[in-house]
Protein chains: 2
Amino acid sequence: MSTSVDLVYEQVRQMAANFEFKPAERINESELSKQLGASRTPLREAMNRLTAEGLLMFEPGRGFFCQPLTPELVVHLYEVREALETSAIRAAVERAGDDDIAAIRQFLSDTAERYADGTPTKEIVRLDEEFHLMIAQLSGNPELVNMIKLTYERIRYVRWIAMRERIDITHSAHLHIFEALENRDAQAAEDRMRTHIKTHNAEATEIVGKAYSNLYVPQH
Amino acid sequence: MSTSVDLVYEQVRQMAANFEFKPAERINESELSKQLGASRTPLREAMNRLTAEGLLMFEPGRGFFCQPLTPELVVHLYEVREALETSAIRAAVERAGDDDIAAIRQFLSDTAERYADGTPTKEIVRLDEEFHLMIAQLSGNPELVNMIKLTYERIRYVRWIAMRERIDITHSAHLHIFEALENRDAQAAEDRMRTHIKTHNAEATEIVGKAYSNLYVPQH
DNA sequence: GGATGCGGAATTGTATACAGATCATCACGG
DNA sequence: CCGTGATGATCTGTATACAATTCCGCATCC
């Protein structure tokens with residue numbers, strides 16, 4: 001049972017990942033709890049979890065805040081992605097069964113047509129994450145997968161923005177990574193994954209840098 | 001202000017990292033809150049944080065449990081360490097200042113004599129963690145450092161046990177890793193770090209495997 | 001003997017109350 | 001005009017209460 005706390009947790013997590021709180025905004029507990037139809041107790045429990053996951057910040061005596069995305073943070077989180085995902089794909093090359101690999105090929109061909117202009121950006125990012133997580137899961141290491149997931153949630157917002165311009169090349173980059181996995185070429189797989197993430201890191205950082213100078217600074 | 005919740009958090013975190021709860025044990029909230037001199041509300045907030053950090057488990061309607069260390073989990077967490085720390089040392093080689101590196105050399109020579117038989121195992125593990133974290137910090141990436149810290153806390157208990165037998169070689173292994181960093185040889189530094197962690201992974205897993213068959217299974 | 005069901009006790013989930021801290025406003029003084 | 005300090009309003013931190021659920025022991029039945 002206990003839908004209430006989990007429900008609140010999911011809702012606030014979504015709100016945080018989707019940046020429905022203004023960056024560095026102090027979150028009013030009473031107000032938000034009313035809005036979500038629960039009391040402050042389960043809300044605070046949920047926000048404590050999210051703080052530990054890095055989606056919110058907490059200052060004793062002051063409350064919970066939206067964790068703002070600075071250019072530095074984006075660089076750091078993409079570096080974490082790089083560390084985790086290159087390691088994951090290397091393990092995947094060694095451990096994945098042929099059927100698992102076939103499932104990814106299937107996924108790629110099933111979704112190929114959706115990597116097109118008409119598709120909403122959120123959907124593209126979802127597909128992108130799903131591809132990366134499928135590979136991560138083939139590492140057979142749930143802890144690795146979990147950390148990658150958490151990292152995604154913290155940069156999802158900037159990825160929505162960054163993805164707009166580069167929809168077309170995403171799918172071919174994925175195919176390129178996948179083929180190294182399919183050929184069981186660990187070094188190539190790792191290198192391609194690293195390059196892929198580094199590219200996105202540069203783009204995302206640039207975008208946040210622009211947004212930061214346009215949006216965040218004038219607010220103070 | 002607000003020492004109470006943070007105090008409770010620190011205490012429970014220590015208890016969890018030190019495995020003062022029996023593996024997979026259900027944690028009685030009222031009892032523990034009395035023991036810690038606080039009420040259930042701040043205790044539950046602390047335990048929610050620790051659940052997100054992987055030190056505890058939570059089942060809705062049943063409560064919080066100690067996260068048991070299985071051989072599989074140990075393998076997975078050491079793999080995570082490997083991913084994060086090899087990445088960190090590579091960044092450290094590129095970014096560390098000469099003075100930072102000198103500080104580590106100083107630390108190693110200061111603590112050399114303590115890597116000896118008489119020193120308590122807990123102290124050795126602390127020194128070991130400190131060395132690794134000093135290197136991680138030179139990556140300049142606080143997110144990476146934080147994830148490494150969290151991973152340490154989850155395997156600290158098994159490291160206490162594993163460290164007993166290998167005190168002597170730990171220091172020379174650290175020196176070996178450090179020298180690659182000092183020489184700015186990224187590849188060697190990464191390789192040596194990887195080997196170091198893999199070695200400990202194998203040992204720790206074996207130890208947990210033994211403990212698991214001796215200790216955990218008969219409990220059910 | 002093992003599975004099943006049924007209380008009663010224990011435990012968790014959540015709301016609420018209240019004390020204490022923080023914040024915002026405004027008046028005052030430099 | 002800007003800094004400073006007092007004061008009331010607001011918000012957070014924590015204890016407590018109570019409802020809902022789970023757990024446990026025992027009797028019953030197959």
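Sequence lines set the chain letters: A, B, ... in the order given, protein chains first and strands last, and positions in each chain run from 1.
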Start at the 5' end of DNA chain D and walk down; is the nucleotide closest to B:Arg40 or to B:Glu45 reached first? B:Glu45
Could you give the NZ-to-P distance, from B:Lys34 to D:dT16, as a whole number of Å? 11 Å
Gap between atoms CZ and C1', on B:Arg49 and D:dG13 respectively (whole Å): 13 Å
Using OP1 and OP2 only, check whether a side-chain N or O of B:Arg44 sits under 4.0 Å from C:dT12. no
For A:Phe64 and D:dG13, give me the distance from atom CZ to atom C1', rounded to whole Å. 11 Å
Can you check the A:Arg26 CZ to C:dA24 C1' distance for me, whole Å? 11 Å
Look at the rings of A:Phe64 and A:Phe58 and say which category their plane angle falls in: under 30° parallel, 30 to 60° tilted, over 60° perpendicular. tilted
Do A:Ser30 and D:dT10 share a donor-acceptor pair, side chain to base, under 3.5 Å? no
If I take atom CE in residue B:Met47 and atom C1' in nucleotide C:dG13, what distance separates them, rounded to the nearest angstrom? 12 Å
Of the options C:dG13, C:dT16, D:dT16, whose atoms approach the side-chain atoms of B:Glu29 most closely? C:dG13
Any idea which of D:dC11, C:dT16, D:dA15 is nearest the A:Asn28 side chain? D:dC11
Using heavy atoms to find the nearest nucleotide of DNA chain C for A:Thr41 and B:Gly63 separately, return the residue whose nucleotide is more 5′. B:Gly63
Would you call A:Glu79 and B:Arg95 a salt bridge, using N to O less than 4.0 angstrom? yes
Fit a plane to each ring of B:Tyr115 and B:His171, take the angle between them on a 0 to 90° scale, and name the class: parallel (under 30°), tilted (30 to 60°) or perpendicular (over 60°). tilted
Just compare D:dT14, D:dT12, D:dC23 and give me whichever is closest to any side-chain atom of B:Arg62. D:dC23
Presence of salt bridge, A:Arg159 and A:Glu129, under 4.0 angstrom: yes
Which part of the nucleic acid, if any, lies within contact of B:Ile27, taking any heavy atom under 4.0 Å across all strands shown: a base, the sugar-phosphate backbone alone, or nothing? sugar-phosphate
Check the distance between D:dT22's P and B:Phe58's CZ and give it to me in whole angstrom. 12 Å
Starting from C1' on D:dT12, measure out to CG on A:Leu32 and report it in whole angstrom. 14 Å
Atom CD of B:Glu59 to atom P of D:dC23: distance rounded to whole Å? 9 Å
Any salt bridge linking A:Arg13 with A:Glu53? Criterion: basic side-chain nitrogen under 4.0 Å from a carboxylate oxygen. yes
